[in-house]
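A, B, ... follow the sequence lines: proteins, then strands. Residue 1 opens every chain.
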Amino acid sequence: MRYFLAKGVLTVPTTKKLLLVDGNSVAFRAFFAMHSALESFINHDGLHTNAIYAFKTMLDNILKQTEPTNVLVAFDAGKTTFRTKKFDDYKGTRAKMPGELAEQLPFLHKLLDAYGIKWYELKDYEADDIIGTMAKEGAAAGMDVTVLSGDRDLTQLASDRVTVQVTVKGVTQLEAYTPAHFQEKLGIAPKQLIDVKALMGDNSDNYPGVTKVGEKTALKLVQEYGSVEDLYAHVDEMKKSKLKENLINDKDMAFLSKDLATIRTSAPITVKLADTDYAGPDVEALTALYQELDFNSFLKDLAPQEEEVAVKKELPVISLSAENLDLALKNTDPQAFMIEMLGDNYHTEPVIAVGLGTPAQWYVTTDHTILQNPALQAWLADNQRIKYVFDAKRNYVAAHRFGATIKGIDFDMLLVSYLLNTVDNSNDLGAVAKMHGYQGVEPDATVYGTGAKRQVPTDSALFIQHIAHKLAAIYQLQPQLIQDLKDHEQMPLYTDIELPLAIVLADMEIAGVKVEPDTLKKMGASLKERLQDLENRIYTEAGHEFNINSPKQLGVVLFDEMKLTPIKKTKTGYSTSVSVLEKLQDESPIIQMILSYRQLAKIQSTYVEGLLGQIHPDGKIHTRYVQTLTQTGRLSSQDPNLQNIPMHQDEGKQIRKAFVPSYPGWQIFDSDYSQVELRVLAHVSGDENMREAFRENRDIHANTAMKIFHLSDPSQVTDNMRRQAKATNFGIVYGISDYGLSQNIGISRIQAKAFIDAYFEQYPKVKEWTEQIVQTAREKGYVETIMHRRRYLPDINAKNRNLRLFAERTAMNTPIQGSAADIIKVAMINMAKVLRERKLQATMLLQVHDELIFEAPAEEIPILEKLVPSIMDSAVKLAVPLKVDSSYGNTWYDVK
DNA sequence: ACTCTCACG
DNA sequence: ACGTACGTGAGAGTT
């Protein structure tokens with residue numbers, strides 16, 4: 001008996017739950033779900049393991065879903081059963097089980113033993129009959145019964161007490177058959193499936209039923225007459241037809257077929273309900289089995305706290321040189337490849353090693369000039385020579401510094417890992433490998449050190465082995481991670497979007513954007529004077545000098561010395577943020593001075609001085625777009641961040657004047673999506689009111705204002721109403737709360753609540769969608785974008801209310817923000833392609849979430865004005881049109 | 001290394 | 001009764 005701890009009290013579960021698994025059919029499904037990976041899943045003894053791997057995943061899935069107290073897995077005992085005695089040809093056409101699967105069955109039994117799960121087979125009976133009999137016993141004992149099978153025949157067992165889960169596709173997707181589901185789908189009760197099969201027969205089990213009767217006719221007859229017996233009781237009353245003739249002729253076969261189709265519920269089984277008690281796995285036995293099967297990722301799940309269990313093997317490495325390049329590159333198999341640098345910034349970091357190879361032989365050199373070798377460059381540029389890497393963009397940009405172009409990358413371990421799970425993807429290969437159960441790589445920090453002590457290891461043998469181990473990890477994890485992508489239905493996202501995008505981004509980073517230092521320096525000089533002046537006036541007002549940049553010191557001055565009203569506290573003291581200072585405006589003239597000082601100091605330090613320090617010798621800034629960081633699928637930009645250059649206030653916006661084209665006579669060209677997130681919401685929610693607004697090209701915020709303020713004419717919408725409606729639209733996208741909205745637009749919570757209620761009344765499908773997406777997140781544990789980008793939300797069922805509510809808001813926001821990210825990524829790939837095909841000089845430079853920025857010769861501007869919007873608005877087909885606005889000018893500032 | 005603040009979509 | 005908008009990066013001060 002297992003006990004569940006609830007609110008500190010021991011309670012006995014009220015209902016026992018019995019899980020019955022059709023071992024053979026699930027094994028078949030498992031085998032074919034991962035058939036494409038058959039040759040990648042072979043253990044060190046040459047045993048195929050794909051079916052064991054998938055079976056284990058399916059089993060975990062159903063165990064997690066049903067949390068059973070009792071489990072039984074039933075297998076077929078042999079070829080002959082009581083059914084073959086009744087009908088010689090029963091299953092007569094069934095192909096023999098593939099050898100690659102048959103060899104895995106004994107290990108499935110071992111797996112179940114290690115799981116502590118009873119498995120059972122019975123001579124002369126099929127697994128179906130064992131399950132039918134146990135299901136009946138379990139239901140009679142008051143248990144909730146779940147049956148898992150890959151075979152729809154089992155669904156005849158469905159009842160109030162028995163749910164039948166049938167595998168649909170892939171490894172984890174199931175369809176639940178309940179009596180209600182049956183009625184809805186087929187218009188009959190579960191038991192009547194037997195009658196349907198009696199009439200239509202079963203091709204795979206090879207019994208014929210009645211001549212010329214297929215599924216449609218059989219269903220119609222059963223719906224009309226109820227059963228085979230009742231049908232034949234009234235067959236004489238049927239009007240003369242070929243059907244009637246066939247029914248009469250094949251009566252014996254119909255009854256025999258019914259008998260064959262009927263799953264026995266009183267087979268002479270020797271297993272008892274008590275034998276099926278399930279108490280969880282035997283970790284020791286499982287560990288041994290996983291080791292035998294080379295299931296590294298599952299091993300890691302078993303003992304996550306165990307450190308350094310893997311033996312660091314000595315790998316076969318040859319020092320790569322111009323002399324043995326031929327040998328290294330002769331191998332036409334896919335090869336792992338890497339260019340190693342110590343730091344993050346691959347635009348500038350020195351290359352400390354280059355490596356490539358396969359598990360049979362690794363080649364590593366610490367001499368970066370190998371990248372200039374013509375033979376290596378030819379291999380790198382050959383699309384047909386497949387490369388496996390960790391961070392395609394990093395390697396591509398680094399190679400480019402040596403005049404090399406990399407083509408033919410088809411596995412990027414970092415990118416794939418990020419798509420599988422956005423959480424915790426670091427730049428450290430060892431850490432990522434470990435996440436996926438591969439223990440053989442040290443973290444870079446261990447080998448190279450951290451901070452100021454980071455350096456190339458003095459022990460060069462150790463260094464070379466580290467590179468080889470990294471290459472080996474990339475190579476070894478490739479089949480597993482690609483299979484995981486397939487299971488997630490993420491291959492198109494990977495091959496059509498993220499992988500080509502990595503190269504598009506690399507080219508943008510390499511192109512860089514020209515920034516005029518003189519413009520920034522002039523701004524800096526003027527800012528310096530104004531800051532000096534403000535500083536002096538603030539000191540005068542405060543009565544003494546202090547560090548205005550220190551929130552702590554500022555708090556003391558404002559709230560202790562000057563006795564202004566503290567509005568909000570932070571963990572460490574008084575809050576001095578803008579929202580607080582704005583509320584204090586009337587209490588002292590020092591507030592306005594501080595607000596101005598803050599604003600100018602930010603511009604000075606982050607943008608003037610910050611950007612000046614980032615200009616390369618070529619006069620350009622080369623940011624890095626991080627493709628594997630955000631939890632929604634957006635990009636981020638680092639060193640420097642070019643996605644947060646000031647825009648909203650003119651003081652800061654002046655910074656944009658320093659961003660100029662690379663050549664005289666060129667222009668900056670900019671296109672941005674208009675309200676792309678709300679259009680995505682209109683698409684995914686199916687809300688007709690919102691869709692209509694976009695189809696009619698209305699001002700969406702004014703449209704919302706009319707709806708929530710109950711106005712009849714657009715002329716009645718005031719600026720303030722529109723502003724509040726706009727905030728409400730944003731609030732919906734963020735996963736709204738009345739408090740959040742009230743804070744944002746400075747109204748009462750009551751008022752904010754009224755807005756939200758009115759909003760949902762006017763856009764009813766939006767409300768439905770928000771509820772449905774949260775429900776989906778609870779059931780699946782993740783949400784998805786239109787392109788199957790996935791975000792897991794482990795807190796969606798958290799006890800902690802704040803964590804749970806946050807996960808709920810995220811569940812609403814991520815599909816919207818993430819789908820918008822999907823869309824612009826597709827547009828970027830298409831844009832890069834069309835610029836190349838048309839041989840335009842225009843160059844894509846920057847992406848700012850819903851906006852693309854180019855530089856181009858003036859004569860190409862008229863082309864771009866048509867081309868860019870047409871590519872962007874056709875990136876995907878939504879239920880509403882996408883709208884794109886464009887403009888251009890001499891500098892980024894003039895683009896408005 | 002963490003906190004606070006503020007820049008962007 | 002409780003604390004709350006979603007997603008980022010960088011600079012400065014403090015620990």
*asked:* Measuring to OP1 and OP2 of dT5(B), would you say a side-chain N or O of Ser575(A) lies under 4.0 angstrom away?
replied: yes
*Rounded to whole angstrom units, what separation is found between the NE2 atom of His849(A) and the P atom of dT8(C)?*
10 Å
_Can you confirm whether Val684(A) sits close enough to Pro815(A) that some side-chain heavy atom of one is under 4.5 Å from a side-chain heavy atom of the other?_
no
*Whole-Å gap separating P (dT8(C)) and CZ (Arg624(A))*: 17 Å
*Heavy atoms, side chains only, cut-off 4.5 Å: are Met831(A) and Phe854(A) in contact?*
yes
_Residue Asn549(A), side-chain atoms from C-beta onward, closest of dG3(C), dC4(B), dA12(C)_ = dA12(C)
*Measure from the side chain of Asn641(A), starting at C-beta and using heavy atoms only, and say which of dG9(C), dG3(C), dG9(B) lies closest.*
dG9(C)
*asked:* Does dG9(B) have its OP1 or OP2 closer than 4.0 Å to a side-chain nitrogen or oxygen of His648(A)?
replied: yes
*Between dC4(B), dA12(C), dA5(C), which nucleotide gets closest to the side-chain atoms of Pro551(A)?*
dC4(B)
*Ignoring backbone atoms, establish whether Thr606(A) has a side-chain N or O less than 4.0 Å from OP1 or OP2 of dA7(B).*
no
*Taking CD1 from Ile645(A) and P from dG11(C), how many angstroms apart are they, rounded to a whole number?*
11 Å
*Do the side chains of Thr606(A) and Asn644(A) get nearer than 4.5 Å, heavy atoms only?*
no
*asked:* For the CD1 atom of Ile796(A) and the CD atom of Glu779(A), what is their distance to the nearest 0.5 Å?
replied: 11.0 Å
_If the cut-off is 4.0 Å, is Gln638(A) near the phosphate of dG9(C), judged by side-chain N/O to OP1 or OP2?_
yes
*Could you give the distance separating dA5(C) and dC6(B) at their P atoms, to the nearest angstrom?*
15 Å
*Return the 5'-most residue of the pair Arg801(A), Gln817(A) with respect to DNA chain C, ranking by each residue's nearest nucleotide.*
Arg801(A)
_Can you see if the side chain of Lys552(A) gets near the phosphate of dT15(C) - specifically, an N or O under 4.0 Å from OP1 or OP2?_
yes
*Can you find a donor-acceptor pair, distance only, under 3.5 Å between Arg634(A) side chain and dG9(C) base?*
no
*Hey, do the aromatic rings of Tyr763(A) and Tyr759(A) have their centres closer than 6.0 Å?*
yes
_Among dT8(C), dA5(C), dT5(B), the nucleotide that comes nearest once only the side chain of Leu629(A) is considered_ = dT8(C)
*Quick one: which of dT3(B), dC6(C), dG3(C) gets closest to the side chain of Phe806(A)?*
dC6(C)
*When you measure from the side chain of Arg749(A), which nucleotide among dC6(B), dG13(C), dG3(C) comes out closest?*
dG3(C)
*With a non-hydrogen cut-off below 4.0 angstrom, is Asp850(A) in contact with a base, only sugar-phosphate, or nothing?*
sugar-phosphate
*Given dA12(C), dA5(C), dT5(B), which nucleotide is nearest the side-chain atoms of Ala727(A)?*
dA5(C)
*Take the protein atom CG of Leu852(A) and the nucleotide atom C1' of dG9(B), then report the distance between them rounded to whole Å.*
13 Å
*For Asn813(A) and dG9(B), give me the distance from atom CG to atom C1', rounded to whole Å.*
12 Å
*With heavy atoms under 4.0 Å as the rule, sort Ser737(A) into base, sugar-phosphate or nothing.*
base
_Between C1' on dT8(C) and CD on Gln627(A), what's the gap in Å once rounded to a whole number?_
16 Å
*Base, sugar-phosphate, or nothing for Ser637(A), non-hydrogen atoms under 4.0 angstrom?*
sugar-phosphate
_Under 3.5 Å donor-acceptor pair, Ser636(A) side-chain atoms to dT8(C) base atoms_ = no
*May I ask which nucleotide in the shown strands pairs with dG13(C), Watson-Crick or G-U wobble, both distances under 3.5 Å?*
dC2(B)
_Contact under 4.0 Å: Thr572(A) side-chain N or O vs dT14(C) OP1/OP2_ = no
*Remember a base hit wins even if backbone is also touched, and classify Ile603(A) as base, sugar-phosphate or nothing at under 4.0 Å, heavy atoms.*
nothing
*So does Ser550(A) get a side-chain nitrogen or oxygen closer than 4.0 Å to the phosphate oxygens (OP1/OP2) of dA12(C)?*
no
_Side chain of Arg791(A) only, heavy atoms from C-beta on: which candidate in dG7(C), dA12(C), dG3(C) is closest?_
dG7(C)
_dA5(C), OP1 or OP2 - any side-chain N/O from Arg809(A) closer than 4.0 Å?_
no
*With sugar-phosphate meaning primed atoms plus P, OP1 and OP2, does Val733(A) contact a base, only sugar-phosphate, or nothing at under 4.0 Å between heavy atoms?*
nothing
*asked:* Over all strands shown, is Asn547(A) touching base, sugar-phosphate only, or nothing at heavy-atom distances under 4.0 angstrom?
replied: sugar-phosphate
*Any side-chain heavy atom of Leu419(A) sitting closer than 4.5 Å to one from Arg789(A)?*
yes
*Write down the distance between CG (Asn802(A)) and C1' (dA5(C)), rounded to a whole number of angstrom.*
13 Å
_Using a heavy-atom cut-off of 4.0 Å across all strands, would you classify Gly735(A) as base, sugar-phosphate, or nothing?_
nothing
*asked:* Can you see if the side chain of Lys571(A) gets near the phosphate of dT3(B) - specifically, an N or O under 4.0 Å from OP1 or OP2?
replied: yes
_Presence of salt bridge, Lys753(A) and Asp757(A), under 4.0 angstrom_ = yes
*Write down the partner of dA1(C) under the Watson-Crick or G-U wobble criteria, each distance required to be under 3.5 Å.*
none
_With a 3.5 Å cut-off and heavy atoms only, can you find an N or O donor on one side and an acceptor on the other between the side chain of Asn644(A) and the base of dA7(B)?_
yes
*Could you check whether Gln631(A) gets within reach of a base, just the sugar-phosphate, or nothing at all, counting any heavy atom under 4.0 Å?*
sugar-phosphate
*Can you tell me the distance, in whole Å, between the CG atom of Leu741(A) and the P atom of dG3(C)?*
21 Å
*Quick one: do the Glu855(A) and Thr843(A) side chains pair a donor with an acceptor below 3.5 Å?*
no
*Could you work out the separation of dT4(C) and dT5(B) based on their P atoms and round it to a whole Å?*
14 Å
*Closest to the Ser605(A) side chain: dG11(C), dC8(B), dA5(C)?*
dG11(C)
*Would you say the side chain of Phe709(A) lies within less than 4.5 Å of the side chain of Gln724(A), judging by non-hydrogen atoms?*
yes
*How would you label the contact of Glu851(A) with the nucleic acid (heavy atoms, under 4.0 Å): base, sugar-phosphate, or nothing?*
nothing
*What nucleic acid atoms does Asp672(A) come within less than 4.0 Å of, heavy atoms only: base, sugar-phosphate, or nothing?*
nothing
